[in-house]
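So the structure is just underneath, and the comments pick up after that.
By convention in this document, chain letters (A, B, ...) are assigned in the order of the sequence lines, proteins followed by strands, and residues within each chain are numbered from 1.
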Amino acid sequence: MRRDLEAVFRRDYSLVAGVAARVLGSPTQADDVAQEVFLSFARSSPSAVPADQARGWLCVAATHTALNLLRSGRRRIAREDAAGTRDAALTGETAPDVADSVVVSEERARVRAALARLPRPQATALVLRHSGLSYAEVAAALHLSPTSVGTTVRRAESALREELTRP
Amino acid sequence: MKLTRHPAEGVLRRLIDEPAGVSDPDRDHIAACGRCQQMLAAVRDDAAAASALLSVPSTAEGQDDDVDAAWQRLRGSTAASVPAASAAADGARVVALDAHRVSDEHVSTARSTRRLTGRGAWRRPGVVALGVAVVVAGAGTAAASDWLRIFQVQQVAPISLSQADLAGLGQLPDPSAFGEAVATKPVEIREVSDAAAAAQATGLQVPRVAELPRGVTGQPTYQVGYAGQVSFTFSAAKAAASAEAAGGQLPPVPAGLDGSVVRLSAGPGVAAVWESSAGVPALIVGRAVAPTAESTGVPFTQVRDYLLSLPGIPADLASQLATFTGDGSTLPLPVPADQAATSTADVNGAPATVVRSNDGTMAGVVWVRNGVVTAVAGTPSTDELLDVARGLK
């Protein structure tokens with residue numbers, strides 16, 4: 001067990017859970033992902049993950065774990081829930097605000113599907129940047145130059161737009 | 001000095017977030033250039049759209065109470081010392097370092113515990129060759145499914161690389177020149193306290209040495225690695241562009257190969273390492289779930305023939321790899337012909353490959369049984385290593 005675990009946890013937990021939530025589109029499973037990531041960090045040795053690199057490591061780990069979760073199809077349950085709500089809305093059994101929430105939830109699902117289809121380095125850089133990490137932090141976490149971070153994030157945003165505007 | 005070229009889109013993107021990170025000449029150019037202003041507006045729109053799309057509906061950013069509760073939960077998990085959190089996100093392995101190490105995990109456990117980092121690993125000719133080799137050595141037939149199993153290691157056999165081969169491999173293109181390699185499940189390697197912890201972390205039976213060879217003493221350290229996976233997506237456009245840039249021509253791409261994906265998986269694995277007084281490993285006993293390769297339904301023969309026809313694969317090597325087509329279960333182990341000699345042996349009924357360096361300083365024994373590859377390597381003699389191999393419990 002790492003001695004710096006609690007200090008790192010209290011410093012970075014919210015950020016890491018936020019990264020996972022950003023990928024998953026919901027905070028529901030983000031806590032589980034954050035727990036798994038910190039558990040892995042707890043078992044790492046300080047030589048493998050030095051304390052000063054912990055924040056970037058944790059954020060990358062949270063992104064990958066959440067993306068894997070998206071890709072593994074375990075989001076099926078959420079989709080089925082959404083479909084159930086939509087069916088209810090279509091049959092007029094629910095109030096109009098439920099129909100609105102269906103639209104929102106479908107868009108969220110499309111965004112996550114698009115995110116999961118992006119090349120992994122692009123998706124990771126995109127999520128890290130939009131989670132508030134600086135270019136220098138993203139660069140260090142992904143072994144890129146700060147200039148490449150701009151290029152990678154730009155490509156990801158452009159690809160996301162193309163994915164979502166595709167008929 | 002006035003900048004005449006237009007800065008790249010990545011620079012425009014950074015200008016939006018971190019203007020101070022953009023050089024003065026670039027900033028001056030963008031401010032005065034109509035085309036760059038237009039592009040900047042488009043980049044800004046996309047950035048704003050992405051920000052909105054990736055926003056989290058109700059904040060996951062915890063209050064102090066939430067963090068306290070989460071901390072208590074983690075403490076419970078670590079105290080239980082079981083991978084409980086993986087139940088919450090099963091199969092979604094956490095990541096970390098050395099993304100591509102997986103592709104030669106079986107070799108590195110036999111040779112040493114050194115790490116290969118990031119994309120650099122792919123640029124190492126031996127790893128590139130091995131990646132090609134693992135793919136090429138697959139079987140031609142398998143049940144139709146979304147993912148076609150084309151290769152599962154059941155035994156290891158050396159292929160000899162001459163100096164000319166090695167020189168040729170040095171000219172091989174980086175895999176990113178003809179596709180995209182992504183570590184879909186990057187590997188984390190870490191040290192654990194003892195064999196029990198290693199077994200718990202990997203689910204493997206950790207090999208126990210019955211009797212240490214002369215000169216090897218003390219307790220080993222244990223390294224474990226989770227299962228890892230690398231996906232390679234072939235891109236005909238990228239390959240053609242790279243070939244053109246190199247002044248060559250790409251062999252005709254078979255129908256269906258463009259966009260096809262080959263997925264290499266390996267691990268988890270464990271290695272017990274006994275250090276010598278000189279600080280180098282005196283003995284390494286490693287065990288890992290043997291590598292497999294799968295593809296998205298492209299006929300295996302097309303993948304094999306195409307990869308072997310790529311410019312830069314030495315003809316000698318290609319002809320050896322082309323023989324790995326029969327049973328689809330043999331892992332080629334590249335061995336530099338001028339630096340090491342190979343032979344075969346029997347380890348309790350399993351055919352094993354024995355490699356010994358010509359200077360006599362290192363040797364190794366590698367074999368596969370029931371989809372698990374085991375390696376014993378180090379400074380003892382071949383006979384002593386075979387004794388260790390045969391006596392493993």
Subject >> Donor-acceptor contact below 3.5 Å, side chain B:Glu9 vs main chain B:Val43 >> reply: no
**OP:** Give the member of A:Ala20, A:Ser158, A:Pro119 that has the highest number of heavy-atom pairs under 4.5 Å with chain B.
**Re:** A:Pro119
Original post:
Between A:His64 and A:Arg120, do the side chains contain an N or O donor and an N or O acceptor separated by less than 3.5 Å?
Top reply: yes
Original post:
Side chain, backbone, both or neither: which part of B:Ala47 has an atom under 4.5 Å from a heavy atom of chain A?
Top reply: both
**OP:** Give, as side chain, backbone, both or neither, the part of A:Ser134 having an atom under 4.5 angstrom from any heavy atom of chain B.
**Re:** both
**OP:** Select one option (side chain, backbone, both, neither) describing which atoms of A:Arg155 are under 4.5 Å from chain B's heavy atoms.
**Re:** neither
**OP:** Can you tell which part of A:Leu115 gets under 4.5 Å to a heavy atom of chain B, answering side chain, backbone, both or neither?
**Re:** side chain
Original post:
So with a 6.0 Å cut-off around CD of B:Gln72, is the heavy-atom count from everything else above 12?
Top reply: yes
Subject >> A:Ala62 backbone acceptor or donor facing A:Thr65 side chain under 3.5 Å >> reply: no
**OP:** Could you tell me which portion of A:Leu58 (side chain, backbone, both or neither) has an atom closer than 4.5 angstrom to a non-hydrogen atom of chain B?
**Re:** neither
Original post:
Donor-acceptor pair, B:Arg27 side chain versus B:Val22 backbone, under 3.5 Å?
Top reply: yes
